[in-house]
Amino acid sequence: MSAPIYNRIALIGLGLIASSMAHAIRRGGLASEITGYARSAETRDTARRINLCDRVCDTAAEAAQDADLVVLCVPVGAMDAVMADIAPVLKPGATVSDVGSVKRHVIDAVQPHIPEGVHFVPAHPLAGTEHSGPEAGFAELYDNRWCLLVPVEGSDRAPVDHLRQLWEGMGANVDEMDADHHDLVLAVTSHAPHLIAYTMVGVADDLRRVTDSEVIKYSAAGFRDFTRIAASDPTMWRDVFLTNKDATLEILGRFTEELFALQRAIRTGDGEHLHQYFTRTRAIRRGIIEAGQDTAAPNFGRETKS
């Protein structure tokens, strides 16, 4: 167990990401104290019952008071209001970060509220499951997953390096990326695939000749993967698509072009085109596995059961 990187860490929002952070921080001894806040009284009660944090507070400002690091773990559409609420209580020298899937919008929403003497280091852990809530978290969620830091212009290096140490202490690989580039990359690797999954499940539901029981009973692996992705938190994904609109629409446009090309190949019986396309995409899939970013084990083999 290493020495604490921060004395007090405040987690604002207590869903899967924050609860997993709490477990990973405790596992690594990375903070002396963890405070937490959730908008829902029911969520706060659950967090208290499972002793998720050292102290669960009834307001975001109370949780952020005297914290050395405040992590915004709320949907990206809520960060503006939350940041405005906690800004007056942030102590000089503190760092504010986040875990949002979109970075340009978060920077535009949060940075204007950052007080003088407080640092802002946006971040995005590329990890998750289809489950949500404070009881869904587990310490191994970030093991060998990537966390992208997106320092704002003019950032001091020390707060960035401290946050890097925290995420590495939680088991993550850490890289840095520009905000706009981040949003384009994530539109390819996460945002568009989620929208496609939601659409495919919606198409299956609309096919009245296929009953619900048949869809469930005969689900092959491909459709099961779609339903797993489509089970993700609807509020979070609504905000992602509305705040990363341009990049997502760009990728969806390219996807549509590729889909039309495959449609044409199937219609014209162009087996060579299909075989070449599938061979190329299979190589990409193998590269993902070789990079250690997927496994057949549940929850990527990271969750341990007692």
Side-chain angles (χ1 to χ4, degrees), residues 2-14 17-18 21-22 24-25 28-37 53-55 57 59-76 78-126 142 146-170 172-183 186 243:
S2 59
I5 296 171
Y6 298 97
N7 182 41
R8 179 180 294 169
I9 294 177
L11 303 174
I12 310 300
L14 296 175
I17 297 299
M21 288 185 69
I25 289 167
L30 305 175
S32 300
E33 182 185 14
I34 303 171
T35 61
Y37 165 77
C53 304
D54 298 298
R55 185 160 49 92
C57 305
T59 69
E62 182 186 355
Q65 183 86 42
D66 294 325
D68 301 287
L69 172 67
V70 179
V71 187
L72 306 178
C73 305
V74 298
V76 294
M79 288 192 185
D80 188 342
V82 170
M83 189 60 215
D85 188 30
I86 67 173
V89 305
L90 296 175
K91 71 176 186 179
T95 297
V96 174
S97 187
D98 77 295
V99 295
S101 297
V102 177
K103 293 273 73 85
R104 175 54 61 194
H105 174 85
V106 168
I107 291 171
D108 291 344
V110 172
Q111 193 167 20
H113 300 291
I114 298 292
E116 186 73 24
V118 173
H119 308 286
F120 178 38
V121 186
H124 179 202
L126 308 185
Y142 306 112
W146 283 97
C147 179
L148 300 177
L149 303 185
V150 185
V152 296
E153 187 175 351
S155 294
D156 294 340
R157 276 310 309 179
V160 177
D161 292 341
H162 274 93
L163 191 62
R164 172 185 283 270
Q165 291 172 30
L166 178 73
W167 279 106
E168 289 177 343
M170 289 190 287
N173 306 314
V174 181
D175 206 351
E176 295 183 24
M177 192 174 286
D178 168 81
D180 294 324
H181 186 64
H182 166 279
D183 289 355
L186 266 295
T243 57

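One-based numbering along the sequence shown.
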Asker: Say you draw a straight line from CD1 of I25 to CG of L30; how long is it, rounded to the nearest 0.5 Å?
Answerer: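 Reported to 0.5 Å precision, the distance equals 6.5 Å.
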
Asker: Shortest non-hydrogen contact from M177 to H182?
Answerer: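 Smallest heavy-atom distance, with atoms named: SD-CA, 3.4 Å.
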
Asker: Could you tell me whether the side chain of M21 reaches within less than 4.5 Å of the side chain of V99, counting heavy atoms only?
Answerer: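 A side-chain contact exists here, since the closest heavy-atom pair is under 4.5 Å.
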
Asker: Nearest 0.5 angstrom please: D180 CG to I107 CD1, how far?
Answerer: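 That separation rounds to 8.0 Å.
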
Asker: Hey, are the side chains of L72 and V106 touching, using non-hydrogen atoms and a 4.5 Å cut-off?
Answerer: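 Contact flag for L72/V106 side chains = no.
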
Asker: I'd like to know whether H113 forms a side chain to side chain contact (heavy atoms under 4.5 Å, CB included) with D80, so could you lay out the CA-CA distance, the side-chain angles of the two residues, the decisive distance to 0.1 Å, and finally the verdict.
Answerer: CA-CA 8 Å; H113 300 291; D80 188 342; 2.7 Å; yes

Asker: Could you tell me if the side chain of S32 sits less than 4.5 Å from the side chain of R8, heavy atoms only?
Answerer: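 No. Closest side-chain heavy atoms not under 4.5 Å.
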
Asker: For V76 versus G100, what's the shortest heavy-atom pair and its separation?
Answerer: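 Closest approach of V76 to G100, heavy atoms only: CG1-CA, 3.9 Å.
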
Asker: With side chain to side chain contact (heavy atoms under 4.5 Å, CB included) as the criterion, how do H124 and V150 come out once you've worked through the C-alpha distance, each side chain's angles and the decisive distance to 0.1 Å?
Answerer: CA-CA 8 Å; H124 179 202; V150 185; 5.9 Å; no

Asker: For G13 and C73, which heavy atoms make the closest approach, and how far apart are they?
Answerer: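 Smallest heavy-atom distance, with atoms named: O-CB, 3.7 Å.
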
Asker: Could you check whether any side-chain N or O of D175 sits under 3.5 Å from a backbone N or O of L149, counting only pairs where one atom can act as donor and the other as acceptor?
Answerer: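 Pair absent, no side-chain N/O of D175 close to backbone of L149.
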
Asker: Are L186 and L126 side-chain neighbours, meaning at least one heavy-atom pair lies under 4.5 Å?
Answerer: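 Touching, per the 4.5 Å side-chain cut-off.
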
Asker: How about V89 and E62: do any of their side-chain heavy atoms sit closer than 4.5 Å?
Answerer: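 Not in contact.
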
Asker: State, to 0.1 Å, how close I114 and V118 come at their nearest heavy-atom pair, and which atoms those are.
Answerer: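 Of all heavy-atom pairs spanning I114 and V118, the closest is CG2-O, 3.2 Å.
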
Asker: Between K103 and D178, is the closest basic N to carboxylate O distance under 4.0 Å?
Answerer: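 Result for this pair is no, no salt bridge flagged.
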
Asker: Determine whether M79 and V74 satisfy the following criterion, side chain to side chain contact (heavy atoms under 4.5 Å, CB included), listing intermediate values before the conclusion.
Answerer: CA-CA 7 Å; M79 288 192 185; V74 298; 3.7 Å; yes

Asker: Is any side-chain heavy atom of V152 closer than 4.5 Å to one of P122?
Answerer: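 Contact flag for P122/V152 side chains = yes.
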
Asker: When rounded to the nearest 0.5 angstrom, what is the spacing between CG in D85 and OH in Y37?
Answerer: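 D85 atom CG to Y37 atom OH measures 7.5 Å (nearest 0.5 Å).
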
Asker: Distance from C57 atom SG to Q65 atom CD, nearest 0.5 Å?
Answerer: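 Going from the SG atom of C57 to the CD atom of Q65 covers 10.0 Å.
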
Asker: Does a salt bridge link K91 with D66, judged by any charged N lying under 4.0 Å from a carboxylate O?
Answerer: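 Salt bridge flag = no for D66 with K91.
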
Asker: Give every donor-acceptor pair under 3.5 Å between a side-chain atom in residues 162-169 and any protein atom, sequence neighbours left out.
Answerer:
from	atom 1	to	atom 2	distance (Å)
H162	ND1	A158	O	2.9
R164	NH1	V174	O	3.3

Asker: Rounded to the nearest 0.5 Å, what separates atom CD1 in I9 from atom OG1 in T95?
Answerer: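 That separation rounds to 10.5 Å.
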
Asker: Please name the pair of heavy atoms, one in Y6 and one in P159, separated by the smallest distance, quoted to 0.1 Å.
Answerer: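 Shortest heavy-atom separation between Y6 and P159 comes out as OH-O, 4.3 Å.
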
Asker: Which heavy atom in T35 sits nearest to a heavy atom in A63, and how many Å separate them?
Answerer: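 What the structure gives for the nearest pair is OG1-O, 2.8 Å.
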
Asker: Among residues at least two apart in sequence or on other chains, which ones pass ring-ring contact (aromatic ring centres under 6.0 Å, His included) with H119?
Answerer: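 ring-ring contact (aromatic ring centres under 6.0 Å, His included) check on H119 returns nothing, list empty.
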
Asker: As an exercise, state the distance from CD1 of I34 to CZ of R55, rounded to the nearest 0.5 Å.
Answerer: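 Nearest 0.5 Å value for the CD1-CZ distance: 12.0 Å.
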
